Q: 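One structure coming up, written as structure tokens, with questions to follow.
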2 protein chains.
Amino acid sequence: MGSLIAYGRNEEIYGEGEAADFLYRVKSGCVRTCRVLKDGRRQIASFSLPGDVFGLTPGEEHTSSAEASVPSEVIAVKGSTLRSRAGVDPALAILLMGLAIAELQRTQDHALLLIKSAQERVATFLLDLAKREASNIEVRLPMSRQEIADYLGLTIETVSRTLTLLENTAAISLPTSRRVILCNRPSLSKMNV
Amino acid sequence: MGSLIAYGRNEEIYGEGEAADFLYRVKSGCVRTCRVLKDGRRQIASFSLPGDVFGLTPGEEHTSSAEASVPSEVIAVKGSTLRSRAGVDPALAILLMGLAIAELQRTQDHALLLIKSAQERVATFLLDLAKREASNIEVRLPMSRQEIADYLGLTIETVSRTLTLLENTAAISLPTSRRVILCNRPSLSKMNV
DNA sequence: CGTGCAGTTGAGCAAATTCAACGCTTGTGG
DNA sequence: CCACAAGCGTTGAATTTGCTCAACTGCACG
């Protein structure tokens, strides 16, 4: 059920203000959801990896946009159907409720992240990604430094500097800029307050 | 329906980790919900004013605590009843969904607040409070500077300094520390990006 | 009339940002 | 196949913002 759609890098899946009519599940790639302030500052609210669901939005209109961070395939399910059926199908309503609740949890965690120091934010981010990827010690970063910065509420330079700092303290190793090896989990966890 | 309970200043309504069995509506006063990091840093996730509902939590356990900012009366409704009835009562399920959705919206806005500058955070906070209170130009602050700081992700000194800065630029006036007059809304709105 | 708490103010400091330059990789056209 | 441009990431120096630490004020309450 639902239709498979492929998006290129940075291609928009939906925009802020558009009607929220679909629910999506990532099949491959990575999708970011963003909100943008009037003056152009961007906040990335979430990264959705394969298996993750996105597109559930407060209200009838999307309050954020969604774009593919890398070429991605997503499965779209028409939401108007879901919405109207939820009124008569309690099981479906509960399922949607569960999605909203999970989204709420993630958003709360994200807000909490934003009061931490730069090092703590980066460490938390890496550990979170590691938990979501199967691999235990290596993390592949499907997103650019700019996207990480916009997710963590930092600048691209600070993210870069913090990563090299973590590398210099032997907490991580960076074979390439998109691959991170977590050499010393305890020292990362110590920063994950 | 539900029972009325009165809480004193700083009295706990529920704690982090407790079973989430009730939904609450504020009748009078002001309730804060908090999360605390291991090292003691506190984030206030929300302030609930009369009429607001709080206590809806991801999962079975509260991920945040709730305390009265000032002496407050709240109406508590047993949640297990709600939860079980939501499975068979679609209208109730939709109502709960609406609450979750609204909570999600507020949490997203809070996260977005945390990437702004100190001035912008304070201005946004004041305008938000003004919208929620009936009075158009005067805002009463039911919470302390420390609570405002923990909500905005700033220190108490920065909040204080920013308020006096806004006063010096004639954007607001502070007859007492707990009362704010919004003299110049446009200049505040300009900071509300 | 003190005592204690909440809020303000000041000075110095630390963390992160800004601005700028540089290096590496990748892809493209000669 | 090489040269070169473009994009992304890193690094450095200077600056800014907000934090820390400390003192001080005003007010409420005994």
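Every value quoted in this text rests on a predicted model; they were computed, and no experiment measured them. We name chains A, B, ... by the order of the sequence lines, and we start the count at 1 in each one.
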Q: Can you identify which nucleotide, out of D:dG9, D:dC19, C:dT8, has its nearest atom closest to the B:L154 side chain?
A: D:dC19

Q: Whole Å only: how far is the CG atom of B:L165 from the P atom of D:dT17?
A: 11 Å

Q: Mind calculating the distance between CG (B:L141) and P (C:dA6) to the nearest angstrom?
A: 15 Å

Q: For A:V159 and for B:T164, find the nucleotide of DNA chain C with the closest heavy atom, then tell me which residue's nucleotide is more 5'.
A: B:T164

Q: Please report the distance, rounded to the nearest Å, between CD in B:E147 and C1' in C:dG7.
A: 14 Å

Q: Rounded off to whole Å, could you give me the NZ-to-P distance for the A:K116 and C:dA15 pair?
A: 18 Å

Q: With no angle test and no hydrogens, is the base of C:dG7 tied to the side chain of B:R161 by a donor-acceptor pair under 3.5 Å?
A: no

Q: CG of A:L152 versus P of C:dA16: gap in Å, rounded?
A: 12 Å

Q: Between B:R32 and B:S46, is there a donor-acceptor pair closer than 3.5 Å when you use the side chain of the first and the backbone of the second?
A: no

Q: Let's see if you can work this out: which of D:dG18, D:dT10, C:dG7 has an atom nearest to the side-chain heavy atoms of B:T158?
A: D:dG18

Q: Using side-chain heavy atoms (C-beta onward) and a distance below 4.5 Å, is A:I44 in contact with A:R35?
A: no

Q: I'd like to know if the side chain of B:E12 and the backbone of B:E67 have a donor-acceptor N/O pair within less than 3.5 Å.
A: no

Q: Would you say B:R41's side chain and A:V193's backbone share a donor-acceptor pair under 3.5 angstrom?
A: no

Q: To the nearest angstrom, how far is A:Q146 atom CD from D:dG9 atom C1'?
A: 11 Å

Q: Consider the side chain of A:R9, meaning its heavy atoms from C-beta on, and name the nucleotide among D:dC8, D:dT20, C:dA16 that approaches it most closely.
A: D:dC8

Q: Counting side-chain heavy atoms from CB outward, which of C:dT9, D:dG9, D:dT20 is closest to B:T155?
A: D:dT20

Q: With under 30° as parallel and over 60° as perpendicular, where do the rings of A:H62 and A:Y14 fit, or are they tilted in between?
A: parallel

Q: It should be established whether A:S117 places a side-chain nitrogen or oxygen under 4.0 Å from OP1 or OP2 of nucleotide C:dA15.
A: no

Q: Would you mind telling me which of D:dT11, C:dG10, C:dT17 lies closest to the side-chain atoms of B:E157?
A: C:dG10

Q: To the nearest angstrom, how far is B:D150 atom CG from C:dG7 atom C1'?
A: 15 Å

Q: Is any side-chain N or O of B:R178 closer than 4.0 Å to OP1 or OP2 of C:dG7?
A: yes

Q: Give the rounded distance in Å between these two atoms: CG of B:L163 and C1' of C:dA6.
A: 14 Å

Q: Looking only at the side chain of A:S177 (C-beta and beyond, no hydrogens), which of the listed nucleotides C:dT8, D:dG18, D:dT10 gets closest?
A: D:dT10

